[in-house]
Amino acid sequence: MDKLKAKLIELFQSGEITLAIGYKQGTRGPRPFFCRSASDVEQMIFSNDYQPNLAVYLTKKEVVKDEKVAIVCTISALRSIAYLARENQIGQSQYKIIHLSPNDELMIFRSPWDIDPYIEEIPSTPSEDDRRVIEMLDAMTSEERWAWWAAQFSKCIKCYACRAACPMCYCTRCIVDNNRPQWIDPWASPLSNMEWQINRVMHLAGRCVGCGACGAACPEGIPVHLLNRKILDNIEENFGITAGLAPREGAVLNTFKPDDKENFIK
Amino acid sequence: MDTLYIKKSDIPSWWNAIKAAHDHVVAPVRKDKVVEFARVESYEQVATDYIQTTRSAKEVLFPRTERLFSYKKNGRDIEVQDFDPESVPSQVLWHVRPCDAASLFPLDAVFNWDYKDVMYNTRRERTAIVATSCATADEYCFCTSVGGGAGDTRGSDILLTYTADGAIAEVMTEKGKSLVALSQNLFTEYTAGDKDKYVADVPRVFDVEKLKEKMHGMFDSQVWKEQSERCLGCGACAYVCPTCSCFDIQENPKGSCGERLRCWDSCGFAQFTLHTSGHNPRSTQASRWRQRLMHKFSYIPQRQDSLGCTGCGRCSRACPVDMNIKEHLSSIDKIQ
Amino acid sequence: MCNCKDKNIYLPYMMQVEKVTVEAPGVKTLRLKFKNEEDEKSFSFRAGQFAEYSAIGDGECTFCIASPSTRKGYVECTFRQAGRVTSSLSKLEEGDTMGFRGPFGNYFPMEEWKGKNLLFIAGGIALPPMRSVIWTALDEREKYGDVTIVYGAKTVADLVYKNELKEWEDREDVTLITTVDPGGETPEWKGKVGFVPTVVGESPINAENTIAIVCGPPVMIKFTFPVLEKLGFAKENIYTTLENRMKCGVGKCGRCNVGKMYVCKDGPVFTAVDLAELPDDF
Amino acid sequence: MEKKEFEPKIIAFVCNWCTYAGADLTGTSRMKYASNVRVVRFPCTGRIDFMLLLKAFAEGADGIIVSGCHPNDCHYTAGNFHARRRWMVLRGLMDFLGIDIRRIRFSWVSAGEGAKWAQLVNEHVETVRELGPYENYKKAAEYLKEGMYNG
């Protein structure tokens with residue numbers, strides 16, 4: 001941590017950055033911190049399991065425009081940056097990407113592409129709790145799962161915090177913001193709440209890094225990130241692409257192999 | 001106003017009498033990690049182990065999604081089916097917090113501002129409110145800073161304050177009296193006058209009168225950008241807020257039939273004010289955050305003699321990036 | 001003004017489309033008649049007020065009432081096809097049914113303008129809100145002094161109400177100045193070429209005892225106000241009408257809120273004095 | 001009176017170049033098959049957005065058929081390969097949400113496989129007939145019973 005702070009102070013003092021996006025202590029947990037001077041660096045805190053995923057700010061022009069930005073990344077944020085770069089959403093050396101590895105090693109990536117070899121070593125895995133819930137759901141009958149999710153979605157108020165917290169949900173006009181056609185009813189309702197989640201995770205299929213920021217953001221505690229996780233599992237099983245590793249082959253749904261194997265097209 | 005007392009052991013039978021006399025009782029219920037208002041069938045379902053529900057009680061009067069009217073097309077003709085006030089059930093809102101009861105003032109004001117909103121008013125008329133004082137509060141609560149309090153009776157038909165073995169019932173309105181009348185024999189006079197010792201102490205963090213005055217001239221301040229920098233632009237704060245009443249009107253066509261609906265909306269969304277031409281009067285998150293606070297603390301007070309905040313702290317608890325409104329307001333208060 | 005107490009304020013009157021006029025590419029005028037006679041009898045409005053027009057099945061859209069308040073029995077709206085609702089409205093044919101809620105908002109204080117000269121300045125699709133005022137004034141022509149209309153559009157094709165422009169041009173008691181943006185003229189074009197604020201500045205306009213009513217895109221308003229002030233207009237004699245996004249029209253949905261003002265209740269008609277006091281949020 | 005057998009409503013989303021032509025062949029060969037299917041023609045299976053499937057259920061379908069060209073036969077080279085990946089991912093997700101995926105039948109039917117189309121439809125109609133009407137989905141669509149929805 002001290003190394004991280006020292007590095008940020010150095011970057012501020014040398015004028016290499018004007019803004020460091022990191023975390024500081026919030027009301028109960030960490031909160032995003034927009035640090036603007038060497039003297040404020042002291043407030044910075046860090047852990048690799050912090051939420052939200054700070055990479056979400058990198059595509060917000062309003063925030064990063066006219067700034068020289070350093071971003072303090074969790075492993076999840078690193079993965080997101082690698083994907084964002086691959087989708088041409090951030091430039092080659094636009095940001096100083098700073099990371100503190102789980103064994104407290106300070107890492108600075110000169111370009112998003114340099115992240116690849118590092119995250120290649122670390123698959124994205126769900127938490128124990130999440131794994132348990134997924135197993136519980138898998139063991140249920142289809143009817144039971146429907147009832148379980150219906151109860152969850154009944155809490156949904158369509159605040160779109162799941163979308164807002166996701167670094168990969170950067171579209172300037174989301175499918176739910178269009179009314180011609182209006183695919184998904186914009187008001188809260190059992191079907192549209194589910195349709196919205198299906199759309200969200202399908203549009204993230206093969207792009208999601210499994211950070212869980214969507215579920216963490218939900219004010220109603222709906223574990224929407226489990227849907228993403230299920231897709232990650234599904235992709236690994238079907239296409240052999242491990243969750244959260246560098247996106248070498250292009251997004252899963254933008255690519256194909258002639259010998260993709262399924263067992264249900266008859 | 002009558003101050004009465006009911007023994008703890010008698011509350012369930014009073015509750016049952018209330019339940020029997022109304023179509024629904026709506027009360028806080030635990031659902032996994034959160035506690036929410038929902039229709040309950042038995043007294044045991046009512047949750048007790050919580051500080052605050054995630055959503056406010058406003059949805060009882062101003063539902064998430066609501067039909068304004070429905071229609072049927074017959075050739076080139078259209079037949080409309082108006083909202084039917086008779087379809088609105090009678091209900092008791094049980095165990096809302098004083099901060100939720102207080103939210104009725106800004107809601108009443110906006111829904112009756114010159115034009116009367118018949119859906120809201122019908123629901124309001126058919127809903128009786130039994131609030132409960134807060135015995136505990138958390139660091140997000142700031143009701144006392146915005147003119148309320150953990151034992152505030154404003155907006156309640158009855159306010160219950162739980163003692164060790166019963167509850168003090170402050171009966172504020174005729175509606176409240178008729179609820180008591182359902183089990184009149186269970187109530188006795190209460191004269192101890194010691195309600196305050198059962199009510200949480202919520203420290204006051206700013207003077208709202210000074211704050212209102214100050215914010216009046218702060219439209220061009222830098223503070224909005226500074227505070228909103230981490231805002232992600234979701235609608236969580238507005239949707240959990242007991243006073244946020246902005247809404248959207250939407251169409252739900254199904255072939256030749258359909259309905260027009262009203263649903264919650266939030267000034268935090270970029271689309272809220274976007275014109276078809278592409279012009280957006282509030283194109284930045286900073287301007288939208290400013291609108292949220294100015295509307296609550298400057299515009300509503302100026303126009304409707306009310307305040308758009310009851311200090312419940314829900315927005316702060318719901319925010320994915322910990323935008324703590326109490327902290328933000330205090331820091332505005334401290335600006336010289 | 002409110003005559004809908006305890007009625008469902010979101011329930012539209014049912015209207016029959018009586019006439020459809022194509023004004024310009026993508027711009028149409030609909031003339032609407034009340035289907036229910038009772039509704040028609042109880043209905044009245046003042047020039048400048050707006051309404052919510054609904055294409056049942058697609059939603060509502062806000063436009064000013066484009067017909068004059070002096071002509072009873074119908075209302076007209078003119079709109080450009082742009083989004084979902086206006087596209088649906090523009091598909092309506094004579095005899096079809098649509099919804100109408102209104103009138104809402106404030107109006108031009110035409111009573112106060114008696115004996116004064118009127119200068120109308122409009123750009124593009126913003127002539128419709130002003131047309132109601134123009135015809136109301138012309139229908140009671142004797143009440144007012146000189147009437148001058150300056151109207152500009154991007155191109156000659158984009159000018160709306162072409163027949164009425166001709167009528168105004170032919171009238172002895174109206175001065176009409178039309179202009180199109182540079183490049184928008186045709187070989188036959190006899191009007192001026194140039195942007196509205198410039199044309200206003202170059203025209204022989206006397207600010208004395210004159211009320212200026214300006215309506216157009218935000219950028220036109222922004223550049224026209226200083227020109228008028230230079231010509232000697234006091235801020236309180238310059239009127240405009242704002243078009244913010246609205247849903248309810250009755251001060252509840254929160255969209256049109258600008259500072260402490262609600263465009264749907266405190267507007268849409270504002271003077272330059274009012275606008276100067278509003279925060280820059282519209 | 002004898003109780004009428006349940007007649008499921010089936011929506012078929014098919015590719016123009018193979019399955020639609022195949023279904024045409026079924027007809028011109030005068031092969032008889034169940035009449036429960038409403039066919040929606042698409043230029044390619046790659047164009048069949050997953051939302052269309054959801055909307056079919058929401059509008060009251062009890063079953064769905066999705067069919068197009070066999071692998072390597074796509075008129076646009078690879079549309080069906082893309083579609084296959086999409087369905088592989090979507091199917092797992094739908095199952096995880098408790099959507100009854102037995103009601104969705106995916107198939108490849110070429111322009112020459114008239115008989116296969118008839119068999120496919122008949123089989124799927126029988127499958128869905130046994131499953132009964134898709135009540136769960138229909139119930140979820142009726143949420144405004146009291147003129148409001150609060151979850």
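Atom set for the values below is all heavy atoms of this structure, side chains included, hydrogens, waters and symmetry mates excluded. Each chain gets a letter, A, B and so on, in the order the sequences are listed, and its residues count up from 1.
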| message | Report which part of B:Val110 has an atom under 4.5 Å of a heavy atom belonging to chain C: side chain, backbone, both, or neither. | response | both
| query | salt bridge (Lys or Arg N to Asp or Glu O under 4.0 Å) between C:Lys91 and C:Asp58: does it pass, once the steps are laid out? | reply | CA-CA 12 Å; C:Lys91 283 188 201 128; C:Asp58 278 299; over 6 Å; no
| message | Under a 4.5 Å cutoff for heavy-atom pairs, which residue among B:Pro301, B:Pro253, B:Ser287 has the most contacts with chain C? | response | B:Pro253
| task | Check the side chains of C:Tyr10 and B:Asp117 for a donor-acceptor pair under 3.5 angstrom, ignoring hydrogens and angles. | result | yes
| query | Could you go step by step and tell me if B:Glu213 and B:Lys210 meet the salt bridge (Lys or Arg N to Asp or Glu O under 4.0 Å) rule? | reply | CA-CA 5 Å; B:Glu213 210 159 296; B:Lys210 273 197 214 146; over 6 Å; no
| query | So what's closer than 4.5 Å to chain C heavy atoms on B:Gln291: side chain, backbone, both or neither? | reply | side chain
| task | For each of B:Thr122, B:Val118, B:Asp248, B:Leu274, tally heavy-atom pairs with chain C at distances under 4.5 Å, and name the one with the top tally. | result | B:Asp248
| query | Measuring heavy-atom distances to chain C, does B:Lys254 have an atom under 4.5 Å in its side chain, in its backbone, in both, or in neither? | reply | neither
| query | Are the charged groups of B:Arg76 and C:Asp96 less than 4.0 angstrom apart, N to O? | reply | yes
| remark: Applying a strict 4.5 Å limit to non-hydrogen atoms, the region of C:Arg80 in contact with chain B is neither
| task | Would you check, one step at a time, whether the test ring pair (Phe, Tyr, Trp, His ring centres under 6.0 Å) holds for B:Phe62 with B:Phe111? | result | CA-CA 10 Å; B:Phe62 170 45; B:Phe111 284 115; 5.3 Å; yes
| field | Salt-bridge criterion met for B:Arg64 and B:Glu59 (N-O under 4.0 Å) | value | yes
| request: Would you please say whether a donor-acceptor pair under 3.5 Å links the side chains of B:Ser245 and B:Tyr120? | output: no
| remark: Greatest number of non-hydrogen atom pairs under 4.5 angstrom with chain C, of B:Ser283, B:Cys246, B:Ser277, falls to B:Cys246
| query | Is the closest basic N to carboxylate O distance between B:Asp100 and B:Arg314 below 4.0 Å? | reply | yes
| Residue part contacting chain C, namely of B:His216, when any heavy atom lies under 4.5 Å | neither
| task | Go through B:Met294, B:Gln250, B:Met119 and name the one with the most non-hydrogen pairs under 4.5 angstrom from chain C. | result | B:Met119
| For the candidates C:Gly57, C:Gly254, C:Gly251, C:Ser54, which exhibits the highest count of non-hydrogen atom pairs separated by less than 4.5 Å from chain B? | C:Gly57
| message | Applying the ring-ring contact (aromatic ring centres under 6.0 Å, His included) criterion to C:Phe100, which one of C:Phe45, C:Tyr74, C:Tyr53 satisfies it? | response | C:Tyr53
| Can you say whether C:Cys256 sits under 4.5 Å from chain B via the side chain, the backbone, both, or neither, judging by heavy atoms? | neither
| Residue part contacting chain C, namely of B:Asp77, when any heavy atom lies under 4.5 Å | both
| message | Between C:Met246 and chain B, with a heavy-atom cut-off of 4.5 Å, which part of the residue counts as in contact: side chain, backbone, both or neither? | response | neither
| B:Phe83 versus chain C, the contacting section by heavy-atom distance below 4.5 Å | both
| task | Flag the one option from C:Ala82, C:Gly95, C:Pro218 with the top tally of heavy-atom pairs under 4.5 Å to chain B. | result | C:Gly95
| query | Which atom pair, heavy atoms only, marks the closest approach of C:Glu52 to C:Thr62? | reply | OE2-OG1, 3.0 Å
| query | What part of C:Glu243 is in contact with chain B, defined as an atom under 4.5 angstrom from a non-hydrogen atom: side chain, backbone, both or neither? | reply | backbone
| Among C:Gly83, C:Pro12, C:Gly59, who wins on heavy-atom pairs under 4.5 Å with chain B? | C:Gly59
| request: Tell me yes or no: between the side chains of B:Lys58 and B:Ser103, is some donor less than 3.5 Å from an acceptor? | output: no
| Residues B:Arg260, C:Glu60: salt bridge by 4.0 Å N-O rule | yes
| note | Of B:Asn121, B:Ile300, B:Thr276, B:Asp220, the largest count of non-hydrogen pairs under 4.5 angstrom with chain C goes to B:Thr276
| field | B:Asn74, part contacting chain C, at a heavy-atom distance under 4.5 Å | value | neither
| query | Can you say whether B:Asn280 sits under 4.5 Å from chain C via the side chain, the backbone, both, or neither, judging by heavy atoms? | reply | neither
